[in-house]
Amino acid sequence: MEPMQQPAEPTPTPQSPQNIEVVVHSSPKFWPFMGVGAAIGIIIGVLSAFMGPEQAEFTRGSVAGFLGVAFAVVGVLLAGIIFLIVDRVTLKRGRRGLATPTGDSEHA
């Protein structure tokens with residue numbers, strides 16, 4: 001899958017009033033990061049429930065459900081942090097360019 005291209009805030013350049021300076025960078029997609037983080041957390045939670053000692057008070061299924069949800073939350077939080085780091089790195093590697101507006105003047 002190809003990363004999305006997002007222009008930065010357009011700023012007019014002093015050279016030409018028709019050109020706008022933009023920064024183009026590849027940005028990762030947010031929801032796949034969160035989904036992978038949750039999936040990894042659920043897998044780790046379920047594996048730890050079935051690999052640990054059996055509890056007399058709870059079934060393995062209830063322990064797996066609890067740990068799956070708990071580890072999914074942790075996985076989503078870690079995936080969010082990783083997403084922010086990757087987004088900042090790709091923003092710094094963005095390239096500047098000049099854009100010439102087309103005939104659409106509804107955003108002006």
Side-chain angles (χ1 to χ4, degrees):
M1 292 173 40
E2 184 176 312
M4 270 190 335
Q5 299 285 328
Q6 295 179 350
E9 187 67 32
T11 55
T13 59
Q15 299 93 0
S16 171
Q18 290 118 357
N19 289 337
I20 298 172
E21 184 176 327
V22 294
V23 176
V24 180
H25 73 284
S26 298
S27 179
K29 293 186 180 184
F30 178 75
W31 291 113
F33 264 84
M34 299 303 109
V36 168
I40 290 173
I42 291 171
I43 291 169
I44 292 173
V46 170
L47 286 177
S48 65
F50 285 104
M51 294 175 112
E54 189 169 350
Q55 300 291 322
E57 301 133 15
F58 305 107
T59 64
R60 285 209 188 258
S62 62
V63 172
F66 175 75
L67 290 178
V69 170
F71 279 94
V73 170
V74 172
V76 166
L77 290 174
L78 290 175
I81 292 169
I82 293 170
F83 170 81
L84 290 174
I85 292 169
V86 170
D87 188 46
R88 293 296 165 215
V89 168
T90 59
L91 182 62
K92 287 181 182 179
R93 292 185 182 175
R95 31 179 224 274
R96 295 190 178 273
L98 292 178
T100 304
T102 59
D104 280 345
S105 62
E106 71 182 57
H107 291 96

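Side-chain heavy atoms closer than 4.5 Å link hydrophobic residues (I, L, V, M, F, W, Y) into clusters, and following such links, possibly through other members, connects Trp31 to Val86. Val24 and Ile20 end up in the same hydrophobic cluster when Ile, Leu, Val, Met, Phe, Trp and Tyr side chains are linked at under 4.5 Å. Placement of Val69 and Leu77 in two distinct hydrophobic clusters is found when ILVMFWY residues are connected by side-chain heavy-atom separations under 4.5 Å, directly or transitively.
The minimum heavy-atom distance linking Thr90 with Ser27 is given by the pair OG1-CA, 4.4 Å. Closest heavy-atom contact between Gly45 and Leu67: O-CB, 3.6 Å. For Phe83 against Met34, the heavy-atom pair with the smallest separation is CB-CE, 4.4 Å. Here the closest non-hydrogen pair linking Val76 and Ala38 is CG2-CB, 3.7 Å. Between Gly68 and Ile42, the shortest heavy-atom distance links the atoms O-CG1, 3.7 Å. Contact detail for Phe33 and Pro28: the closest heavy-atom pair is CE1-CB, 3.6 Å.
In this structure, Leu47 and Ile43 have side chains that are in contact, with non-hydrogen atoms separated by less than 4.5 Å. Here the side chains of Arg96 and Glu21 are in contact, with some heavy-atom distance below 4.5 Å.
Between the side chain of Arg95 and the backbone N or O of His25, no donor-acceptor pair lies under 3.5 Å. A donor-acceptor pair is defined here as one N or O able to donate and one able to accept, closer than 3.5 Å; no such pair exists between the side chain of Ser62 and the backbone of Phe58.
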